[in-house]
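The model shown is predicted, which means the values in this text are computed figures rather than measured ones. Each chain gets a letter, A, B and so on, in the order the sequences are listed, and its residues count up from 1. Side-chain atoms are counted along with the backbone in the values below, which use heavy atoms only and exclude waters and symmetry mates.
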Number of protein chains: 2
Amino acid sequence: MEKDVTIYDIARLLQLSPATVSRALNDHPAINSNTKHMIASKAKEMGYRSNMFASNLRRQRTSTIGVIVPRLDSYFMSTVLAGMEKVANDANYNLIISQSLESVKKEVANAKTMFDSRVDGLLVSLAADTENLDHFNTFFQKGIPMILFDRIMPQKNCTNIVIDNVKAGYDATSHLIEQGCRRIMHMTGNIKRNVYEDRLKGYKLALMDHGLTVDDALVQLTNLTRQDGLQMADHIKHMASPPDGLFVANDFCAVSCMGALKANGFSIPGDIAVVGFNNDPVSQVIEPNLTTVHYPGQEMGEIAAQSLINHLNGLLRINTTNTILLNYELVVRASSLRTPPAESR
Amino acid sequence: MEKDVTIYDIARLLQLSPATVSRALNDHPAINSNTKHMIASKAKEMGYRSNMFASNLRRQRTSTIGVIVPRLDSYFMSTVLAGMEKVANDANYNLIISQSLESVKKEVANAKTMFDSRVDGLLVSLAADTENLDHFNTFFQKGIPMILFDRIMPQKNCTNIVIDNVKAGYDATSHLIEQGCRRIMHMTGNIKRNVYEDRLKGYKLALMDHGLTVDDALVQLTNLTRQDGLQMADHIKHMASPPDGLFVANDFCAVSCMGALKANGFSIPGDIAVVGFNNDPVSQVIEPNLTTVHYPGQEMGEIAAQSLINHLNGLLRINTTNTILLNYELVVRASSLRTPPAESR
DNA sequence: TTGTAAGCGTTATCAG
DNA sequence: CTGATAACGCTTACAA
């Protein structure tokens, strides 16, 4: 439990001033490279570590980025965070991560914590029931930059990072139509959230473009839980004319619904072709494997973090690029393929 | 982008000394409760927020706890973290969370980051290939407390929080035996990790206690990935005498294996009864629903965080309680029930 | 019950 | 290229 080494200790031993040591350690250009080396090696030898608190106090910044996400327990989010961590580490930023558990109340509390922690910037994906961004006003007022990703909401001077959910919904639906589906059901989440609203839009557009009518009875808004998937299967079972295609805005729910449909004697994709969303690993657990939309999680995390850091370092004015669209990919698997696939039975 | 309010500002307006303001804000007993109220309301009115960096610098502590986990993308881990966040927030501690992605190399890097961030304490669940705790020596030397949870390793002066994995493995296996299984296969992970080693021990003990012999060919060490589950199904398919019971140390892998077994014509639980581990939501997606061992994630997170915080606050000497065992529960579902269940078909 | 003043470890400014 | 010095905002002996 020895005392921490400070730049004063190094300075004393090297007969230099603390200022010089500080500059050397920060690779200041005005320092002789010999002294730099000498200081660096002495610092390592003594086990010196910079005191972030003194440094933060002095510089009035924290080198910390706050991250607020709805939940941590999805494969997608885990890859997003891995991407953010990678970029943040490389740029010597720390991450403070918290989950809102889909509740705006907790999101408000998280925002307050982040504010009190004086994060330099914020990366946020909104909770299901968030209706406005008022709880981030303190950040906006102080000019602390914030980037929204995936679950976004239009906001002046705030970059958004998403995939084109309308187009993805369109592609998913069009794929089902191409496979011969004519009565396609769409099961989605709270359409307050852009991701669900947009996928629904894409679904409707695809139907219209292919000369099919939009039947509101075939659009189901739920919370996309396992339970919702089961109930939907039950609902379909009791429909006078059940759908021949099903587009679910979330793999997990799609998978639970598929299971129940199969148990009720529906054949997939024969009776009902199914497409999910996210390319979660469960999509490859279910039989038949689930067709889905691949979401570039790692990339989304990296780009969000990098954009924020660039902005903080003055390398990129964040409000010039207001929305960044990432590429997605429709991954076709057996659950929607009516033309016999060449892969595993 | 106004200037931050400090205790000096409050002091000036209230004709008090900064010291009094500081004490009042920290609820120091020696301050008149009237002045306390007056200061508190003024502080709120002015939008004062404490500067953690100045405070940390002065107090030589950070009120920050570091968390290192193998991955964030499991339901289990998400609930653990929710529990930790809850406790930490209530006690005014911050959490810095990072994932090792099951790699000891990244775990080492994470530990270094945590050390440089001067966390007051550490909550760790080890990566798959971690062989020793040398990378935490800096913490031990400085007397920074560390608690291991779930993926643990014996270490002096370091509390461990786990369930009794031996007993849980024993119960899972015994349950299969009670359902009439006589050739029970066990599929588990890297037995460097206590959780897998112990579940294997429990499996062997249960067999022996019930007069069954342990057949090494029925013990399969893998990485418990989806792929491993599929391969295991293939392996079973080609066995001269396939098992009639299967105990997998992880729900996700169990589920992938079950899917492939079904596709290969095995009936579950008829031909092979299956038990998983963790009570992951996927266990209720697969048909038949998977029997599994419920893991108390939220509780584990809460207890880990609370124990660490108690130690930091001097309320509990951490080395007196060296291992905390939490209760688990065998959740019996259709995948292992040969006596017809009363629930959904 | 309140005030005074020193100091936590850095970094920025100004001077040399 | 290097040094002296003054902050940054807070806490805590010690005094009153």
Nearest-angstrom distance from the residue atom CD1 of B:I10 to C1' of D:dG9: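 It works out to 12 Å between those atoms.
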Value in whole Å for how far the C1' atom of D:dC10 lies from CG of B:N26: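 For the pair B:N26 CG and D:dC10 C1', the rounded distance is 9 Å.
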What pairs of donor and acceptor atoms, side-chain ones from residues 7-14 of chain B against any protein atom, are under 3.5 angstrom apart with sequence neighbours left out?
from: B:D9; atom 1: OD1; to: B:R12; atom 2: NH2; distance (Å): 2.9
from: B:D9; atom 1: OD2; to: B:T6; atom 2: N; distance (Å): 2.8

Salt bridge (Lys or Arg N to Asp or Glu O under 4.0 Å) partners for [X], two or more places apart:
X	result
B:R59	none
B:D134	none
B:E45	B:K42

With sequence neighbours excluded, residues passing ring pair (Phe, Tyr, Trp, His ring centres under 6.0 Å) with A:F149: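 Testing A:F149 for ring pair (Phe, Tyr, Trp, His ring centres under 6.0 Å), a comparison that skips the adjacent residues, returns none.
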All ring pair (Phe, Tyr, Trp, His ring centres under 6.0 Å) counterparts of A:Y48, not counting sequence neighbours: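 A:Y48 satisfies ring pair (Phe, Tyr, Trp, His ring centres under 6.0 Å) with no residue once adjacent residues are dropped.
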Closest non-hydrogen atom pair between B:N322 and B:C158, with its separation: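 In terms of heavy atoms, the two residues are closest at ND2-O, 3.4 Å.
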Sugar-phosphate only, base, or nothing, as touched by A:N56 at under 4.0 Å among non-hydrogen atoms: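 Nothing, no nucleic acid heavy atom in range.
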Pair A:R71 + A:E102: basic N to acidic O under 4.0 Å: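 So A:R71 does not pair with A:E102 through a salt bridge.
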Donor-acceptor contact present, side-chain B:R193 to main-chain B:A127, <3.5 Å: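 Checking the backbone N and O of B:A127 against the side chain of B:R193, a donor-acceptor pair under 3.5 Å is found.
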Donor-acceptor contact present, side-chain B:D120 to main-chain B:R61, <3.5 Å: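 Here the side-chain-to-backbone pair does not exist.
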Option passing side chain to side chain contact (heavy atoms under 4.5 Å, CB included) with A:L148 (candidates A:L123, A:T323, A:L133, A:L122):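 The passing option is A:L133.
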Heavy-atom contact window of chain B on DNA chain C, given 5' to 3' at under 4.0 Å: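 So the contact region on DNA chain C extends C:dT1 to C:dG9.
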Axis-to-axis angle between the two ends of the helix from C:dT1-D:dA16 to C:dG16-D:dC1 (five base pairs per end, rounded to 10 degrees):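 Roughly 30° between the end axes, to the nearest 10°.
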Pairwise ring pair (Phe, Tyr, Trp, His ring centres under 6.0 Å) hits with a residue in residues 94-141 of chain A, at least two apart: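 Matches after skipping sequence neighbours: A:F115-A:F139.
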Pairs where residues 68-103 of chain A contributes a residue and the test ring pair (Phe, Tyr, Trp, His ring centres under 6.0 Å) is met, not counting sequence neighbours: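 For residues 68-103 of chain A, and leaving out neighbouring residues, the ring pair (Phe, Tyr, Trp, His ring centres under 6.0 Å) pairs sorted by first residue read A:F76-A:Y295.
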Of A:L16 and B:F53, the one whose closest DNA chain D nucleotide lies more 5':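 Residue closer to the 5' terminus by nearest nucleotide: A:L16.
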Residues from residues 30-49 of chain A lying under 4.0 Å of DNA chain D - heavy atoms: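 Contacting residues: A:A30, A:I31, A:N32, A:T35.
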Atom pairs under 3.5 Å, N or O on each side, protein against nucleotides 12-16 of chain D: can you list them with distances?
from: D:dT12; atom 1: O4'; to: B:R58; atom 2: NH2; distance (Å): 3.1
from: D:dA13; atom 1: N6; to: B:R23; atom 2: NH1; distance (Å): 3.3

